[in-house]
Amino acid sequence: MSFDTIIRGGTVATASDTFACDVGISGGKITALGADLGTAKEVVNASGLLVLPGGIDSHVHIAQPSGPGIVMADDFASATRSAAFGGNTMVLPFAMQQKGESLREVVKQYHAKADGQCYIDVSFHLIIADASDTVLGQELPALVNDGYTSFKVFMTYEGLALSDMEMLKVMTVARETGALVMVHAENYDAIRFLTDRLEQAGKTATKYHGTSRPIPVEREATHRAISLAELIDVPIMIVHVSNREAMDEIARGRARGLKVYGETCPQYLMLTESDMDGLNMEGAKYVCSPPPRDKASQVACWEGLQQGIFSLFSSDHCPFRYDDPQGKLTPKGKTSFRWVPNGIPGVETRLPILFSEGVSKGRITLNEFVALTSTNHAKTYGLYPKKGTIAVGADADIAIWDPKRKETISQSLMHGNTDYTPYEGIAVTGWPVSTMVRGKFVVRDGKLTGKLGDGDYISRDKSELAKPVNPEARTS
Ligand code: DUC
Ligand code: ZN
Ligand code: ZN
């Protein structure tokens, strides 16, 4: 048997096992695993290197409208290029509806932005901002059947926040269609109240972003989202969890037998509220929501990763340039933290940070790393086993890592369109050196070898994890 490519001599790791083995690839798929596989058009020497499933970052924002005068830094080309250099073979951005828009039209708009413009594979989650009867009764069920099998709802933000009634209606559609609901859990009214009060007291500096959305704001919304999902018996994913109290709500929900899943992100392991304290608006570089908390919350989030409260580790890449009036330094942001765009870049640094802080420092195993960064994303969002593992029949989506390579994270190493990284200066051990998407190297030995259009749009199955606890029970 002859292959297109053999990756020879590496150590392969999946979510469950680590083994020395060669990987045979043909037609973009993994077609053999073993020793002495035979001949290939190309043999890649991976001795001393790790051969891992490519990262899947299931929470990224790309080219989303972000309010008057604010522009997201990355388009699909720059975001997927940056992702590829960070060891990712697939990202799941959002197609975001705005009030009054047809969801079907929104999906078309995002396809127009993405199709032919990606270096790695992509698939869209939907954001439901307008829970109208037409959207819920017609568009959403049809889109779920067409492979858009997950959607995010927001409990905060002007124009996005859904009422509890709307959340219940959306969750009911998820239950009926088998889609998975992702929840941004923060209490809108509490944030508005606290923001007004801070501003009235003249506390407008960037650092008050954290004060305006403290832990109870997230804990309460997490509790409420889980309670609403319990009423419908629908599984939910609580995204970007930042602290122990929200984690405890997830654990309590699970103890009641509910299917509540959790995601955390690098900012909650590596940043704290004091990072938003910098002079001259430097703190704006770290403004995201929920905000980074304190050291104890970082410890809690590590425990959540180790103990399975979190099945996903995503970047929540939401890129704005810093030194740019359309980014973090928007003139209005200087008048109040309220106007500083929320979100930070991270698609390229997610994997090196978790590898180094997690695997190299012994907090998690290599197999847990693979699960948290790839396999569980595929399983959660209806991509497994085509994506997210190294197995015969899977897509040849592979990242080759040098586990010993030392780097210092710096903007000069990044390949996106932002002008800073929030993780500047962090020393890491372990680095992705090559990234292959469906059998083709997009990044090879640190050089871009892919081209625009190498990434495909991937339609997704319904997730096994989205099945209710009692599928037979009536909900109405
Ligand atoms: N929520 C996100 O998921 N990303 C960035 C900003 C936000 O509030
Ligand atoms: Zn969010
Ligand atoms: Zn996000």
Side-chain angles (χ1 to χ4, degrees), residues 56-67 70-74 79 83 91-98 110 122-129 150-162 167 170 180-188 190-192 195 206 209-210 212-214 217-219 221-222 224-225 236-243 246 261-268 271 276 284-293 310 312-321 327-328 330 333 337-347 349-350 377 380-381 416 418 422:
I56 301 174
D57 195 340
S58 62
H59 187 156
V60 301
H61 303 266
I62 304 174
Q64 271 180 221
S66 304
I70 305 295
V71 176
M72 210 165 254
D74 279 319
V91 290
L92 281 79
F94 296 88
M96 186 181 77
Q97 182 196 33
Q98 295 180 282
Y110 278 82
V122 296
S123 188
F124 299 145
H125 308 289
L126 309 173
I127 288 177
I128 314 298
S150 48
F151 38 82
K152 183 174 177 188
V153 291
F154 284 79
M155 299 173 80
T156 189
Y157 288 129
E158 183 82 40
L160 281 177
L162 299 188
M167 294 263 294
V170 171
L180 189 64
V181 185
M182 309 159 76
V183 182
H184 178 125
E186 289 185 295
N187 181 315
Y188 184 40
I191 294 167
R192 286 200 293 177
T195 300
T206 305
H209 173 73
S212 73
R213 36 216 318 154
V217 162
E218 183 182 345
R219 183 230 300 140
T222 304
R224 184 157 36 102
I236 54 170
M237 170 64 68
I238 309 290
V239 294
H240 47 48
V241 175
S242 72
N243 70 90
Y261 311 115
E263 174 202 76
T264 194
C265 313
Q267 47 271 41
Y268 307 119
L271 304 178
M276 289 183 286
K285 289 180 177 174
Y286 309 94
V287 167
C288 58
S289 293
R293 308 291 183 185
F310 302 126
L312 300 184
F313 184 73
S314 309
S315 68
D316 196 3
H317 181 74
C318 187
F320 300 99
R321 290 174 59 80
K328 293 287 189 180
T330 171
F337 62 86
R338 183 199 289 262
W339 304 111
V340 175
N342 276 220
I344 60 176
V347 74
T349 45
R350 170 186 76 125
H377 298 252
T380 301
Y381 294 116
T418 42

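Note that the structure is a prediction, hence the values are computed from the model and not measured. In each ligand, atom 1 is the first atom listed, and ligand 1 is the first ligand listed. All values below were derived from every heavy atom in this structure, side-chain atoms included, with hydrogens, water molecules and symmetry-related copies excluded.
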Checklist entry - Judging by distance only, is a nitrogen or oxygen of Asn342 under 3.5 angstrom from one on ligand 1? => result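 No - when backbone and side-chain N and O of Asn342 are compared with those of ligand 1, no distance drops under 3.5 Å.
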
>> Among the N, O or S atoms of His184, which one sits nearest to the Zn ion (ligand 2)?
In response: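 So the atom name we want here is ND1.
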
* To do: Answer side chain, backbone, both or neither: which part of Cys318 comes under 4.0 Å from ligand 1, heavy atoms only.
  =>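 Side chain only.
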
Margin query: Would you say the Zn ion (ligand 3) has His317 as a near neighbour, meaning an N/O/S atom of that residue under 2.8 Å away?
Written below: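 Within the cut-off used here (under 2.8 Å), His317 places no N, O or S atom near the Zn ion (ligand 3).
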
Of all the atoms in Cys318, is at least one N, O or S atom closer to the Zn ion (ligand 3) than 2.8 Å?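 No, outside the cut-off.
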
Per-atom contacts, ligand 1 versus [X] - under 4.0 Å to a heavy atom:
X: Asp316; value: 2 (C), 3 (O), 4 (N), 5 (C)
X: Lys152; value: 1 (N), 2 (C), 3 (O)
X: Ser289; value: 1 (N), 7 (C), 8 (O)
X: Tyr157; value: 6 (C), 7 (C), 8 (O)

### Message
Tell me whether the Zn ion (ligand 2) has Lys152 as a neighbour, meaning an N, O or S atom of it below 2.8 Å.
### Response
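Yes.
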
For the Zn ion (ligand 3), find the closest N/O/S atom belonging to [X] and write down its atom name.
X: His59; result: NE2
X: His61; result: NE2
X: Asp316; result: OD1

Asp74 to His317 - nearest heavy-atom pair and separation
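Here Asp74 and His317 meet closest at OD2-NE2, 2.8 Å.
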
Please verify whether a non-hydrogen atom of His59 lies at under 4.0 Å from ligand 1.
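His59 counts as a contact of ligand 1 under the 4.0 Å cut-off.
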
Worked check of side chain to side chain donor-acceptor pair (under 3.5 Å) between His240 and Glu263
CA-CA 5 Å; His240 47 48; Glu263 174 202 76; 5.5 Å; no

Next on the checklist: Between Ser289 and Arg213, is the side chain to side chain donor-acceptor pair (under 3.5 Å) condition met? List the steps.
Outcome noted: CA-CA 8 Å; Ser289 293; Arg213 36 216 318 154; 3.2 Å; yes

Quiz item: Do the non-hydrogen side-chain atoms of Gln97 and Leu126 ever get within less than 4.5 Å of each other?
Solution: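 With C-beta onward as the side chain, the pair stays apart.
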
Looking only at the side chains, is there a donor atom on one of Glu158 and Tyr188 sitting less than 3.5 Å from an acceptor on the other?
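Yes, a side-chain donor-acceptor pair sits under 3.5 Å.
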
- Message: Side chains of Asn243 and Tyr268 only: does a donor on one sit below 3.5 Å from an acceptor on the other?
- Response: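 Short answer, no.
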
Intermediate values then yes/no, side chain to side chain donor-acceptor pair (under 3.5 Å), His377 and Ser58
CA-CA 6 Å; His377 298 252; Ser58 62; 2.7 Å; yes

Practice prompt. Check the pair Glu218 / Arg293 against salt bridge (charged side-chain N to carboxylate O under 4.0 Å, His left out), numbers first and verdict last.
Written response: CA-CA 11 Å; Glu218 183 182 345; Arg293 308 291 183 185; 2.8 Å; yes

* Asked: For the ring pair His184 and Tyr157, is the centre-to-centre distance below 6.0 Å?
  ->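 Centroid separation for His184 and Tyr157: below 6.0 Å.
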
